[in-house]
Amino acid sequence: MDARDVLGVTPPSPKRPRNEETPPPADSNGADHLSDLPEGVLHHLLSLLPAHEAVRTCVLARRWRHLWMSAPGLVVTEINGFRSAEKLDRFVTRLLLLHRSGDGGDARLESCEFSLCGFYFDFDGFLPASAPHLTRWILTALQRQVKALRVSLGDFEGHFELPHQPLSSHNLTTLDLGNVDTNDSVLDFSGCPALLNLKMSFGHVNAHRISSQSLKHLSMSYCGFYAEERTRISLPSLVSLELIDPMGRAPLLESMPALQTATFIFDCYCTDICSDRIGRFDACGKSMCEGCYYNYQPVDDHNDSLLLKGLSEATQLNLEAVPDVVCFQTSLFQLLIILFLAHCSLSTK
């Protein structure tokens with residue numbers, strides 16, 4: 001299998017300027033020391049290259065012809081030269097189907113990354129035109145039992161939302177989503193029992209609940225939540241939690257008995273802001289105030305604190321917010337009382 005089978009073209013040889021001298025060989029014998037490296041080292045190097053560059057190494061020597069197929073990782077990024085979404089899809093689809101790991105034809109992938117930016121494409125409207133393609137790439141990577149999956153989109157018009165169907169993989173341990181919108185089906189990780197790490201940034205969380213029995217580390221940066229409803233976070237095995245500058249209503253934390261560290265940074269993009277007392281460390285508490293109303297109404301588990309139930313077991317907390325964020329005012333006060341009582345209890349022993 002050569003580059004033409006995947007790329008559809010034979011990789012051109014780089015042209016050297018006429019006045020540039022040919023560099024001398026590595027030694028007097030012109031030996032190929034790179035090919036002499038152990039196969040594991042070469043696989044690692046190929047996993048670091050953009051996929052289309054890794055495929056082109058098949059023309060270097062006989063040993064390299066199929067080497068890219070068994071690299072443990074794929075990085076689809078900085079792709080140019082494709083004039084339509086269909087041609088790009090044909091390349092990536094064949095890339096995923098032809099990839100194998102090991103001589104036995106094992107289809108497992110250690111890592112797979114789709115990091116795409118509109119700057120590299122020679123055609124407009126990539127994201128709307130290729131949304132079904134991108135969905136298929138992600139599902140194919142999961143079928144190949146990928147352990148770490150990263151999807152990052154930038155510089156595109158419009159948004160990409162994962163389909164309304166649960167992700168299913170018994171091998172996936174790490175999921176990183178950038179500029180990807182999610183929903184209730186996607187954020188129900190009951191079909192991913194091995195998932196340990198979830199990172200989300202610059203995406204819309206169109207879900208009422210984020211749930212997983214196995215997840216240990218959650219990081220959410222600049223994500224948009226509902227403006228008039230709260231998203232519940234139900235992660236009983238969580239060890240570390242990071243929530244940076246969310247937009248919309250702050251999420252409601254359910255019990256997290258294993259939590260050790262938590263970082264919450266709330267800026268003015270949070271909807272839980274008292275409009276009557278901007279710049280002050282108190283809130284009006286009026287039912288007509290949209291910022292206060294959703295904070296003083298009881299929730300279905302009779303817990304009137306959004307953060308207290310989840311953060312009460314944490315051993316290290318970093319809480320930062322502008323003065324107007326109401327959910328911090330109520331939760332932080334109650335949390336300080338619990339920590340003070342716990343300290344008094346330890347001091348008397």
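Because only heavy atoms are used, hydrogens play no part in the values below, and waters and symmetry mates are left out as well, while side chains stay in. Fair warning: this is a prediction, and the values are worked out from it, not measured in the lab.
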Flag the pair [X] / [Y] as yes when at least one side-chain heavy-atom distance between them is below 4.5 Å, and no otherwise.
{"X": "I233", "Y": "L252", "result": "no"}
{"X": "W64", "Y": "L67", "result": "yes"}
{"X": "L238", "Y": "L218", "result": "yes"}
{"X": "W68", "Y": "L98", "result": "yes"}
{"X": "P251", "Y": "R230", "result": "no"}
{"X": "N179", "Y": "F160", "result": "no"}
{"X": "T261", "Y": "V239", "result": "no"}
{"X": "S255", "Y": "P257", "result": "yes"}

Can you see whether [X] engages [Y] through a side-chain donor-acceptor pair at a distance of less than 3.5 angstrom?
{"X": "H204", "Y": "T182", "result": "no"}
{"X": "S219", "Y": "E242", "result": "yes"}
{"X": "E254", "Y": "S234", "result": "yes"}

Just verifying a value: how many Å separate [X] [atom1] and [Y] [atom2], rounded to the nearest 0.5 Å?
{"X": "S111", "Y": "D176", "atom1": "OG", "atom2": "CG", "result": "12.0 Å"}
{"X": "M256", "Y": "S237", "atom1": "CE", "atom2": "OG", "result": "10.5 Å"}
{"X": "R209", "Y": "S211", "atom1": "CZ", "atom2": "OG", "result": "6.5 Å"}
{"X": "L187", "Y": "L162", "atom1": "CG", "atom2": "CG", "result": "8.5 Å"}
{"X": "H44", "Y": "S47", "atom1": "NE2", "atom2": "OG", "result": "7.5 Å"}
{"X": "I244", "Y": "D267", "atom1": "CD1", "atom2": "CG", "result": "11.0 Å"}

Applying a strict under-4.5 Å side-chain criterion to I, L, V, M, F, W and Y, I'd like to know whether [X] and [Y] cluster together.
{"X": "L153", "Y": "V75", "answer": "no"}
{"X": "L60", "Y": "L45", "answer": "yes"}
{"X": "V151", "Y": "L96", "answer": "yes"}
{"X": "L48", "Y": "L37", "answer": "no"}

By side chain to side chain contact (heavy atoms under 4.5 Å, CB included), S185 pairs with (sequence neighbours left out) H164, P166, N183

Quick one, E53 with L46, criterion side-chain contact (heavy atoms from CB on, under 4.5 Å). Give me CA distance, side-chain angles, the key distance, then yes/no.
CA-CA 9 Å; E53 296 294 343; L46 288 171; over 6 Å; no

Assess whether side-chain contact (heavy atoms from CB on, under 4.5 Å) is satisfied between F114 and V92, documenting all intermediate values.
CA-CA 10 Å; F114 302 106; V92 177; 4.1 Å; yes

ask   = So L243 and T263, side-chain contact (heavy atoms from CB on, under 4.5 Å) or not? Walk me through it.
value = CA-CA 6 Å; L243 187 61; T263 297; over 6 Å; no

What is the minimum heavy-atom distance between [X] and [Y], and which atoms define it?
{"X": "P163", "Y": "T135", "result": "CG-CG2, 3.5 Å"}
{"X": "A51", "Y": "L95", "result": "CB-CD2, 3.5 Å"}
{"X": "L235", "Y": "I210", "result": "CD2-O, 4.0 Å"}
{"X": "L172", "Y": "S169", "result": "N-OG, 3.1 Å"}

Under the salt bridge (charged side-chain N to carboxylate O under 4.0 Å, His left out) test, which residues partner [X], sequence neighbours left out?
{"X": "K147", "result": "E110"}
{"X": "D181", "result": "none"}
{"X": "E161", "result": "none"}

ring-ring contact (aromatic ring centres under 6.0 Å, His included) pairs touching residues 224-250, sequence neighbours excluded, are H208-Y226

- Please answer whether the main-chain N or O of R90 pairs with a side-chain N or O of T93 as donor and acceptor at a distance below 3.5 Å. no

Tell me if a side-chain donor or acceptor on R144 pairs with a main-chain N or O of L97 at a distance below 3.5 Å. yes

Paired with S240, the side-chain hydrogen bond (donor to acceptor under 3.5 Å, both in side chains) test is passed by just one of H217, K216, Q316, Q260, namely H217

Could you check whether E228 pairs with R249 (Lys NZ or Arg NE/NH1/NH2 to Asp/Glu carboxylate O, under 4.0 Å)? no

Check: residues 188-202 side-chain donor-acceptor pairs under 3.5 Å, at least two apart:
from: D188; atom 1: OD1; to: S190; atom 2: N; distance (Å): 3.2
from: D188; atom 1: OD1; to: S190; atom 2: OG; distance (Å): 3.1
from: N197; atom 1: ND2; to: T174; atom 2: OG1; distance (Å): 3.1

Kindly indicate, with the supporting measurements, whether the criterion side-chain contact (heavy atoms from CB on, under 4.5 Å) is fulfilled by L142 and W137. CA-CA 9 Å; L142 292 176; W137 303 345; over 6 Å; no

